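Okay, so here's the structure we're looking at.
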Amino acid sequence: MNLEVRPYKPGDEISISKMFTRNTPYLRDNSFWVWINRILPTHPSLIAVVSDEKDNIYGHTAIMPYEMNVGGRIIKCGMSYHTIIDKDYRDRDLILPLLEMADNMAVDEGIEFHYGFPNKNARPLYKFPNHYKVEKFMALEKNSKEEYLYDNNIKYTFEIINKIDYGFIFSLNQILDNRFKEGVELCRSLNYYCARYFYHPQQLYKSYKIYLKDVFVGCVVTKLYEKEGIKFFHIIDLLIDDNNIDLDILLKDIINHFSGECEIFSFWKINERVKDVLIKLGFQENGFDTFLGLCFLPNNCISEAEKNLLLDFRNWRLVMGDSDAF
């Protein structure tokens with residue numbers, strides 16, 4: 001069979017979904033394709049495929065256009081995701097031409113770098129030129145049965161969001177606008193927030209308003225995940241006014257409030273400040289591992305100082321919602 005590497009063209013999405021169904025245990029139907037490639041990105045995702053002459057798809061990779069705040073400068077970037085060759089064709093030299101085509105498409109769109117969270121099979125790709133391992137990090141985990149009893153007048157409460165509340169959306173916008181951004185952080189807008197958590201076709205998340213003495217102070221997005229009969233509780237996103245929150249007490253209240261829903265709390269660090277608090281609360285870095293990789297594209301205008309920021313994991317603000325895996 002003759003195979004070619006080419007850009008996506010309309011109609012490929014049906015065969016792409018079939019290929020993912022053949023090769024992975026995840027639900028990757030046409031609704032998911034539309035969501036991740038057309039609704040979620042700031043611009044349509046850049047997709048390269050391996051195809052036969054009848055347009056059956058046997059390989060795929062994609063780069064989702066985003067903007068990243070890097071030390072105060074907004075840089076056009078992308079998240080690479082869903083790189084796969086059909087299991088029956090992995091003996092052919094298809095992966096590098098596939099990635100090269102996607103990179104060329106990204107350069108044409110003005111993207112300066114892309115990052116991703118490859119699985120164990122794809123991690124060796126980050127040994128190629130201009131590819132870097134930023135960090136392999138472990139989830140912070142803790143048994144949920146230990147409650148935190150403390151005497152304090154500050155008490156955060158949580159109210160589930162059952163439908164889109166435009167007053168809440170406006171309040172969230174004010175928090176997003178007022179947050180002080182430093183280091184490395186994905187640029188989040190109201191459109192991104194709604195697309196990421198409310199429009200997901202599989203309805204995986206629960207979002208909660210956070211109140212302090214009846215004053216709205218933020219939002220937490222959660223997900224329950226069950227593996228081998230054990231329920232894990234994830235913080236998928238945490239949007240708060242960083243400068244006006246007692247983070248120690250907020251995280252204790254989150255743990256106390258949701259402890260009855262799971263056996264294990266399993267969080268990413270979010271940032272170094274949150275990580276420090278979680279470790280103080282008894283969390284340990286002994287959960288599942290995640291690999292953060294980065295590729296600088298040709299003709300980028302990223303300074304050495306900005307590259308150093310990007311390559312130091314301590315500078316990153318990362319929530320699970322920043323990854324395609326959750």
Side-chain angles (χ1 to χ4, degrees), residues 40-43 46 63-81 83 99 102-103 106-107 109-118 122-140 175-189 192-193 196 235-243 245 247 267-279 285 289-326:
L40 186 54
T42 54
H43 301 286
L46 308 170
I63 296 175
M64 187 184 299
Y66 277 135
E67 289 183 332
M68 186 80 75
N69 178 78
V70 182
R73 186 167 80 92
I74 306 302
I75 298 177
K76 193 171 183 179
C77 71
M79 183 180 75
S80 55
Y81 63 102
T83 299
L99 295 175
D103 283 355
V107 169
E109 291 294 320
I111 289 174
E112 300 194 55
F113 73 92
H114 59 77
Y115 66 96
F117 305 93
R123 291 173 189 178
L125 297 173
Y126 283 85
K127 295 179 181 178
F128 291 110
N130 299 318
H131 288 68
Y132 297 87
K133 169 188 170 183
V134 179
E135 189 78 9
K136 187 175 83 168
F137 59 96
M138 313 297 285
L140 292 137
I175 289 177
L176 289 169
D177 286 346
N178 293 333
R179 286 187 63 247
F180 178 69
K181 300 178 179 66
E182 59 184 6
V184 178
E185 180 176 352
L186 183 68
C187 294
R188 293 171 175 82
S189 65
Y192 170 84
Y193 177 85
R196 182 66 181 87
I235 290 181
I236 298 295
D237 212 331
L238 183 64
L239 298 171
I240 56 175
D241 182 350
D242 292 331
N243 298 315
I245 289 281
L247 195 56
F267 301 163
W268 277 8
K269 69 161 190 171
I270 302 181
N271 59 31
E272 292 299 304
R273 184 174 164 224
V274 172
K275 177 182 175 180
D276 289 344
V277 173
L278 291 175
I279 289 174
E285 295 179 274
D289 71 84
T290 301
F291 183 105
L292 172 61
L294 187 148
C295 172
F296 294 113
L297 293 173
N299 303 318
N300 72 76
C301 298
I302 304 172
S303 70
E304 285 303 312
E306 289 167 338
K307 288 180 179 179
N308 290 335
L309 272 175
L310 285 162
L311 294 174
D312 187 341
F313 185 60
R314 293 170 297 180
N315 298 319
W316 284 71
R317 183 190 188 275
L318 270 182
V319 295
M320 289 179 169
D322 293 337
S323 166
D324 58 297
F326 299 95

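Computed over heavy atoms, backbone and side chain alike; hydrogens, waters and symmetry mates excluded. Keep in mind it's a predicted model, so treat the numbers as computed, not measured.
With values rounded to the nearest 0.5 angstrom, Ile302 atom CD1 is found 11.0 Å from Leu309 atom CG. Annotation: the span from Leu292 atom CG to Tyr115 atom OH amounts to 9.0 Å, rounded to 0.5 Å. Atom CZ of Phe128 and atom CG of Leu99 lie 8.5 Å apart (nearest 0.5 Å). Rounding to the nearest 0.5 Å gives a distance of 6.5 Å between OH of Tyr132 and CZ of Phe296. Distance check: Lys133 NZ to Leu294 CG gives 14.0 Å after rounding to the nearest 0.5 Å. Distance check: Leu40 CG to Met79 CE gives 7.0 Å after rounding to the nearest 0.5 Å.
The aromatic rings of Tyr126 and His131 sit perpendicular to each other, their planes meeting at more than 60°, with 30° as the lower class boundary.
The side chain to side chain contact (heavy atoms under 4.5 Å, CB included) test applied to Ala106 returns Leu46, Ile63, Ile111, Leu297, not counting sequence neighbours. Residues passing the side-chain hydrogen bond (donor to acceptor under 3.5 Å, both in side chains) test with Glu285, sequence neighbours excluded: Lys275.
Lys76 places a side-chain N or O within 3.5 Å of a backbone atom of Glu109 that can act as its donor or acceptor partner. The backbone N or O of Tyr193 sits nowhere less than 3.5 Å from a side-chain atom of Arg188 that would complete a donor-acceptor pair. Asp322 contributes a side-chain N or O that, together with a main-chain N or O of Val319, makes up a donor-acceptor pair within less than 3.5 Å.
A side chain to side chain donor-acceptor pair (under 3.5 Å) check over residues 290-315, counting only residues at least two apart or in different chains, returns the pairs Arg73-Glu306, Ser303-Glu306, Asp312-Arg314.
In this structure, Cys295 and Asp103 have side chains that are in contact, with non-hydrogen atoms separated by less than 4.5 Å. Contact check for Arg317 versus Ile270: side-chain heavy atoms found under the 4.5 Å cut-off. Using a 4.5 Å heavy-atom threshold, the side chains of Trp316 and Glu135 count as separate. Taking 4.5 Å as the limit, every side-chain heavy atom of Lys269 sits out of range of all side-chain heavy atoms of Leu278.
The heavy-atom pair separating Ile74 from Cys187 by the smallest distance is CD1-SG, 3.6 Å. In this structure, Pro298 and Val107 approach most closely via the heavy-atom pair CD-CG2, 3.9 Å. The nearest pair of heavy atoms linking Glu67 to Cys77 is C-SG, 4.2 Å. Scanning both residues, Pro41 and Met64, for their nearest heavy atoms gives CB-CG, 3.4 Å.
Aromatic rings from Phe326 and Trp268 are positioned such that their centres are separated by under 6.0 Å.
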Evaluate the criterion side-chain contact (heavy atoms from CB on, under 4.5 Å) for residue pair Ile279 and Leu140; output intermediate values, then yes/no. CA-CA 8 Å; Ile279 289 174; Leu140 292 137; 4.0 Å; yes
